[in-house]
Enquirer: 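Quick one: this structure, given as structure tokens, is what I'll be asking you about.
Note that the structure is predicted; figures quoted are calculated from it, not measured.
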Amino acid sequence: MTPTILRKNYTPYAYQIPHLHLHFDLGLQRTRIHSRFIVHTDTPGAPLVLDGEDLHLLRIQVDGQVLADSDYLLSPTTLHIPLSQPTHTIEIENYCEPAQNTSLMGLYQSGQHLFTQCEAEGFRKITWFADRPDVLSRYTVHLVGDKQLFPYLLSNGNLIHSAELSPTRHEAIWEDPFAKPSYLFAVVAGDFDCREQHIHTASGRQVLLQIYSDKGDYDKTEWAMQSLINALRWDEQRFGLELDLDRYMVVSAADFNMGAMENKGLNVFNAAYVLAQPQSTTDQSYRDIEAVIGHEYFHNWTGNRVTCRDWFQLSLKEGLTVFRDQEFSADMLAAGLDGAAAQSARAVKRIDDVNVLHLAQFPEDAGPMAHPIRPNSYEEISNFYTATIYEKGAEVIRMFHTLLGESGFQAALKTYFTQFDSQAVTCDDFMACMDQQYQSQFPGQTLAAFAGWYEQAGTPRLGVQLHYDAALQTATLTIHQHNPPVGIELLTQPLAPKPALLMPLTLGFLNTHGAPLKVMHEQKTANQFTLRIDQAQQQFVFEQVTEAPVLSLLRDFSAPVHLDYERPLDELIVLAHHDDNAFSRWHAIQNLAQRCLLTDDATESAPLQHALLQVWTRLLEDTDLSSAYLSRALRLPSVRQLLTQMRPIAPDVLVRRHQNLEYALAQQLSHAWATLYERLLSQTPSAYSPHATEAGDRALKNLALQQLVMAQHPHALAWAQAQYHSATNMTDQWGALTALVHYGPAEQRQAVLNDFYATWHSNALVLDRWFSIQANAPYFDVNQAIALSQHPDFTLRNPNRARALIFQFCTNNMTQVHCPSGYDFWYNHVVALDALNPEISARLCRAFDNWSHYAEPFRSELKQRFERLQQHSQLSPNVKEIVQKALTIK
């Protein structure tokens, strides 16, 4: 039974370990590690407790004396060494087996390379140590290995020595000048291509930037290098933060559980977030690479220089850094633009971020794994690398930014870095800096109620009521705040009401024709206000309201909440046509489509569909809106997103409605789509650029092509075939392939699938796409999924390949997975993956952890699979925790 770790039980580690010396004798089958460190304590006699897992112990020395077996206590996960003095020198020798390490945590083999992954608790699979984030040490790392197999020997910090030891062996010694926790440790060894560039920081220091990739991939790392330089410059300019090392390295790994890892000065990346070239990489992947490169670089300060005291504080670094990478991406999208164009570009980024919230975080907040952004307990910390920690955590930071403003937020961050540099701290420490700044800006007010965001699980609901008094020309808003119980809270009797949260609510006023309407509030006249919401019920009175207003609520998604407002259809149409806040206009369009898809009343559905058709028609005629914006606005909410709004969830009903509406809109607008497609096709530039404007044009063009093939437009198949075969970049080829494979006739889709495989089978990242496009096709059933899982190029051992087929089918193919055989497919692969890589299996297990929300017969079928998992004798703690919580919530 895995013990539950409670935040309230945190105690500081009994020892300080200021310096750790590591010696690695590297080998794929066996790597030998010698560690040496001095421990200090103020409580002599406390046992030294070190973490270790899957290690082979060779020798322990204390103060130069080799210990006998009876001198220490060894378990599968801990090493207890009795000590008597305040200071001791500890030496441990052990070996690990990288080639056998399929979990991809600790030291593991990928291809002919060695990589480490230590967050959250992977260092213990390398050697015995205090593997916890509040133990900060300076590391000196001595690497020895075969020159031919491992010509590059890399670790954190600065290279202080390298030499040949013999004709076949060499060594490198690295020293990190900054103390860090063990989760930021890294070693990489292998034969790579290396792109490098010297640049000068804002203060004039010369630094070396390096991108390491598999041999033959050098030409695919130019964008990653440019993204790294952009991130470095942006952090200097926007946040005043400068690179603190002489060298900064990024290494591409073919086998990696996550997107990337921010190890101090030596980032290890999933190859999908490093390698890019126009003919094999989509526009979206270019943007993803830029964002992830930025995210890991920004961690150098928000996570590395100031790190988290314990894993309960994970959002301290991740939420803040996600906010920073979101802002970076928004600024990159808006680069070179001004005015309305720049605002539209930033709105596109905000739309994409909120879509992630709707798809991943809101469902998590409503399910059995619901937790605050600072959890109170966990069994397996790897299960808490979640959308709540990352995306909701970023929304909490964004609310701080909204309340303080840019200059106030920057001032608070400066205080934070000054006060806590090189320390392991808590979310409370961060909030205190924000609150100190807020009180200086708004005397007599405090951010104390903001702490609830760190304590409460679930998505709050804001109920809004509007009363307009024409005689007095006043509009009174009454706002109710409620955060219903979720997850394990549902088992607590009686349920105490949750305290009100502090949040900003940004709203705008329009008249019935959609023009901005200026009103007065607290002696300020404007058409947009940001209100401070901090009570269960509040009223706000607006004056000089010359006509009944149309409210544009929750502009730019100013708080991560559900909004309950009984809005008449005519108001929603006004917002969908005219809202001058680009995000809110998109949100109104999405709400209109959502109403169409979720209503059970046929008489209500007809006017909703007519209204949506008119909105889409006007959007297609609007030449002022950017292509990137239109490519978001002219899409229905996904079935997966809509499932979270349906109770009980009936996937078959929702899929049918979604398909019917999608096909109806495509057919009714086919002429407009054709006109748009031909115009964009004629404007296609001869040379590829990932610039946001051109990427937006491609996104809209490919959406138009998909709509045309779906509507069976007479020219659509010919256009799709021509675009597929003539495409000079992957975005255009992929757009045509998607249209043909998802909506074209069977003989044509198989032909292009065969051609795509023949062209790209040797490129692993593009081959992942070939698996994924089939896995989420609406006709791709369980038998086809099983057959494709037996393809010679498929393997469960590579997380990217598993995600491409298994995850895509189980999480995104809403048409085919919801049946007994589909649930069996999911169950079988949870079990199979768990034997190889529990972290990846746990993520797959969560695909249906909200089984209790489903209608019958889906509910009973899913419950049966979870009960079978519960009875499985060999489940990892990772999967066991999810199964147990899923079955606890009925």
Enquirer: Less than 6.0 Å separating the ring centroids of F417 and W301?
Expert: yes
Enquirer: Salt bridge (charged side-chain N to carboxylate O under 4.0 Å, His left out): which pairs involve residues 308-319, sequence neighbours left out?
Expert: E119-K317, E262-K317
Enquirer: Can the ring centroids of F312 and Y378 be said to lie less than 6.0 angstrom from one another?
Expert: yes
Enquirer: Can you tell me how far the CZ atom of R324 sits from the CD atom of Q326, to the nearest 0.5 Å?
Expert: 12.5 Å
Enquirer: With a 4.0 Å cut-off on N to O distance, would you call E406 and R238 a salt bridge?
Expert: yes
Enquirer: Please say which of L245, N300, N304 ends up in a side-chain contact (heavy atoms from CB on, under 4.5 Å) with F178.
Expert: L245
Enquirer: Just grab all the salt bridge (charged side-chain N to carboxylate O under 4.0 Å, His left out) pairs involving residues 518-532, residues at least two apart or on different chains.
Expert: R532-D534
Enquirer: Taking the ring centre of each residue, are Y438 and F450 less than 6.0 Å apart?
Expert: no
Enquirer: Applying side-chain hydrogen bond (donor to acceptor under 3.5 Å, both in side chains), can you list everything that pairs with R7, at least two apart in sequence or on another chain?
Expert: N376, E455
Enquirer: Is the shortest side-chain N to carboxylate O distance from K392 to E364 below 4.0 Å?
Expert: no
Enquirer: Taking the basic N atoms (NZ, or NE/NH1/NH2) and the acidic carboxylate oxygens, is any pair closer than 4.0 Å for D849 and R846?
Expert: yes
Enquirer: Suppose we call two aromatic rings close when their centres sit under 6.0 Å apart. Are F529 and F542 close by that rule?
Expert: yes
Enquirer: With the threshold set at 4.0 Å, does a side-chain nitrogen-carboxylate oxygen contact exist between R585 and D580?
Expert: no
Enquirer: Under 6.0 Å between ring centres: does that hold for Y297 and Y248?
Expert: yes
Enquirer: Would you find a donor on one side and an acceptor on the other, under 3.5 Å apart, between the side chain of D325 and the backbone of A291?
Expert: no
